A.B. asks: 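One structure coming up, written as structure tokens, with questions to follow.
If you're wondering where the values come from, they're calculated on a predicted model, not measured in any experiment. Start at 1 and go down the list; that is how both ligands and their atoms are numbered.
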Amino acid sequence: MPCTVIVGGFWGDEGKGKIISYLALKDKVDFCVRTGSVNAAHTIWHQGKRYALHMVPGGFVNENCRLLIASGANVHVGQFLKEVEETNVKKRIGVDNQASIIEEKHSTQDKTNAHLKGIGTTGWGVGPAIEERVRRTARLARDVPELKPYLADVSAEINEGIKMKKTVLLEGTQGVFLSLFHGTYPYVTGRDTSASAVCSEVGVGPTSIDDVLLVLKSFMTRVGAGPLPGEITKEEAMKRGWFETASGTGRDRRAAPFSFELAKRSVMINGATEIALTKLDAIFPEVKGARNFEKLPEEAKQFVVKVEKETGIRVNLIGTGPDAFDVTDRRK
Ligand code: IMP
Ligand code: MG
């Protein structure tokens, strides 16, 4: 653990939020840093309540966890303030001075641009906001009076934490096949979503990372346009219990069976050292809520073993339900 990067292995919505909430509580994580932007929603069930977090790091469920938003991130001020209120984390959340700001005009540009419409963006305006940052005309967190009480030097705090042997989670967003560099271009998001990019957004060097935890869902989903190998129809997805809607935009998620080939590629690009396999209960309903690997049905175990064989990486965590503790933890 000490410093772990958590990233999505497919097209986002793999269940990173749930795995983060589990680790935050179970491993008593000291720091959780959010990267990316408001387009990504991380779903977390906490004390019977569902949260779809676009800004606040998933580690909020642990009351002792310091929460930070990286300098490479893109902050939506209204959404940030709303979630800070909702999760009651005012006293322990910080935003890097240099994080850029995403504004209403970016959302309008996103929604009215025919090319972006064809890609099926979330409409939050992340692409246009990043364009503006690259042009060096973006507003930064330090320019916003409402953010004054939260301003922090995130890379300094995190690197100091790592030095003090604190437990750190760097929270990636989306999945590697939505990466601007490694994904299915042009059907991608506006940034690199791989593990290295997460480190870069936070300001932590690759030599400080102990683990890269790759989150793979037991079947694949994608929202918006672009290729999805092995895609099944909506009717078929419903029949199999794989039909989902996006937690952020409410759109239908397209679905396909798990691809070992893509999982392998994802492990490669991210340099994964461990895998979290989520929603195993969606393909094997009998495993719902299971917390003990040995007690899983033989078929389910075989699927897990096949993921390990094909990727060469151990499946350390298995998601068996929406609650933070619906996990089979196979770590030593
Ligand atoms: P954008 O990130 O809003 O520009 O959208 C670009 C593509 O990434 C679209 O296909 C979106 O549906 C997809 N996308 C963006 N954020 C997420 C996410 O958090 N989960 C899943 N797909 C996403
Ligand atoms: Mg999501």
Side-chain angles (χ1 to χ4, degrees), residues 6-21 34-45 50-58 72-76 79 83 100 102-134 171-194 197-198 201 215-217 219-228 231 242 244-256 262 266 276 278-279 319 322:
I6 177 161
V7 283
F10 292 135
W11 283 273
D13 309 312
E14 298 90 355
K16 290 178 291 295
K18 179 246 163 61
I19 296 297
I20 291 163
S21 64
R34 178 67 144 78
T35 60
S37 191
V38 65
N39 48 355
H42 290 172
T43 305
I44 288 173
W45 282 91
R50 180 180 176 277
Y51 297 83
L53 299 176
H54 294 259
M55 289 269 81
V56 166
N74 229 247
V75 177
H76 188 291
Q79 186 69 24
E83 288 181 15
S100 60
I102 177 166
E103 298 170 74
E104 206 43 51
K105 66 176 179 193
H106 300 127
S107 172
T108 307
Q109 288 161 10
D110 195 348
K111 287 178 186 153
T112 53
N113 179 305
H115 176 65
L116 293 177
K117 247 191 183 156
I119 285 168
T121 66
T122 60
W124 278 97
V126 174
I130 291 174
E131 275 180 48
E132 181 157 24
R133 189 170 193 169
V134 174
E171 178 175 346
T173 57
Q174 288 108 5
V176 77
F177 299 120
L178 281 178
S179 163
L180 182 61
F181 300 160
H182 307 291
T184 51
Y185 192 94
Y187 300 101
V188 294
T189 189
R191 48 188 278 280
D192 181 14
T193 52
S194 70
V198 172
E201 283 195 21
V215 184
L216 297 170
K217 191 156 64 182
F219 55 99
M220 307 191 297
T221 57
R222 146 162 232 173
V223 277
L228 176 61
E231 182 168 5
W242 297 0
E244 302 175 337
T245 51
S247 52
T249 56
R251 292 182 292 175
D252 289 0
R253 288 183 186 156
R254 301 155 56 200
L262 289 174
S266 186
T278 59
K279 288 214 167 183

A.B. asks: Give the single entry among G12, A40, G125 that approaches atom 19 (O) of ligand 1 most closely by any heavy atom.
C.D. replies: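 It is A40 whose heavy atom sits nearest to atom 19 (O) of ligand 1.
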A.B. asks: Quick one: sort the F177 and W11 rings into parallel, tilted or perpendicular, breaks at 30° and 60°.
C.D. replies: tilted
A.B. asks: Heavy-atom contacts under 4.0 Å between W11 and ligand 1: side chain, backbone, both, or neither?
C.D. replies: backbone
A.B. asks: For the pair K279 and E244, find out whether any cationic side-chain nitrogen is under 4.0 Å from an anionic carboxylate oxygen.
C.D. replies: yes
A.B. asks: Compare every heavy atom of I44 with every heavy atom of G58, then report the nearest pair and how far apart it is.
C.D. replies: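 Closest pair (atom of G58, atom of I44, distance): CA-CD1, 3.3 Å.
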A.B. asks: Give yes if a backbone or side-chain nitrogen or oxygen of T122 is under 3.5 Å from a nitrogen or oxygen of ligand 1, and no if not.
C.D. replies: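 So ligand 1 has an N or O lying under 3.5 Å from an N or O of T122.
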A.B. asks: Side chains of V198 and V7: does their closest heavy-atom pair fall under 4.5 Å?
C.D. replies: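 SC-SC contact between V198 and V7 confirmed.
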A.B. asks: Could you tell me the separation between the CD atom of E201 and the OG1 atom of T173, rounded to the nearest 0.5 Å?
C.D. replies: 7.0 Å
A.B. asks: Ring centres under 6.0 Å, that's the criterion: do W124 and H106 meet it?
C.D. replies: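 No, ring centres 6.0 Å or more apart.
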A.B. asks: Closer than 4.0 Å to some heavy atom of Q174 - which atoms of ligand 1 meet that?
C.D. replies: 15 (C), 16 (N), 17 (C), 18 (C), 19 (O)
A.B. asks: Kindly confirm or rule out an N or O of D13 lying under 3.5 angstrom from an N or O of ligand 1.
C.D. replies: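 Min N/O separation from ligand 1 is below 3.5 Å for D13.
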A.B. asks: Hey, does E132 have a side-chain heavy atom less than 4.5 Å from the side chain of I102?
C.D. replies: no
A.B. asks: For atom 8 (O) of ligand 1, grab the closest protein heavy atom and report residue, atom and distance to one decimal in Å.
C.D. replies: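 Its nearest protein heavy-atom neighbour is L178 CD2, 3.6 Å.
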A.B. asks: Using a strict 4.0 Å cut-off to heavy atoms of T189, name the atoms of ligand 1 that fall inside it.
C.D. replies: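 Here the atoms of ligand 1 in question are 1 (P), 2 (O), 6 (C).
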A.B. asks: Taking T35 for its side chain and E171 for its backbone only, find out whether a donor-acceptor pair lies under 3.5 Å.
C.D. replies: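 Indeed, once roles are kept as given, a pair shorter than 3.5 Å links the two residues.
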A.B. asks: Considering distance alone, does some N or O of R222 sit under 3.5 Å from an N or O of ligand 1?
C.D. replies: no
A.B. asks: Taking 2.8 Å as the cut-off, does A41 contribute an N, O or S atom near the Mg ion (ligand 2), distance below it?
C.D. replies: yes
A.B. asks: In terms of side-chain geometry, is the basic nitrogen of K217 or D13 positioned less than 4.0 Å from the acidic oxygen of its partner?
C.D. replies: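 D13 and K217: not salt-bridged.
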A.B. asks: Nearest to the Mg ion (ligand 2), which N, O or S atom of D13 do we find?
C.D. replies: OD1
A.B. asks: Show which atoms of ligand 1 fall inside a sub-4.0 Å distance from at least one heavy-atom site of R251.
C.D. replies: 11 (C), 12 (O)
A.B. asks: Could you tell me, atom by atom, which parts of ligand 1 come under 4.0 Å of a heavy atom of V188?
C.D. replies: 6 (C), 7 (C)
A.B. asks: Ignoring angles and geometry beyond distance, decide whether A225 reaches within less than 3.5 Å of ligand 1 through its nitrogen or oxygen atoms.
C.D. replies: no
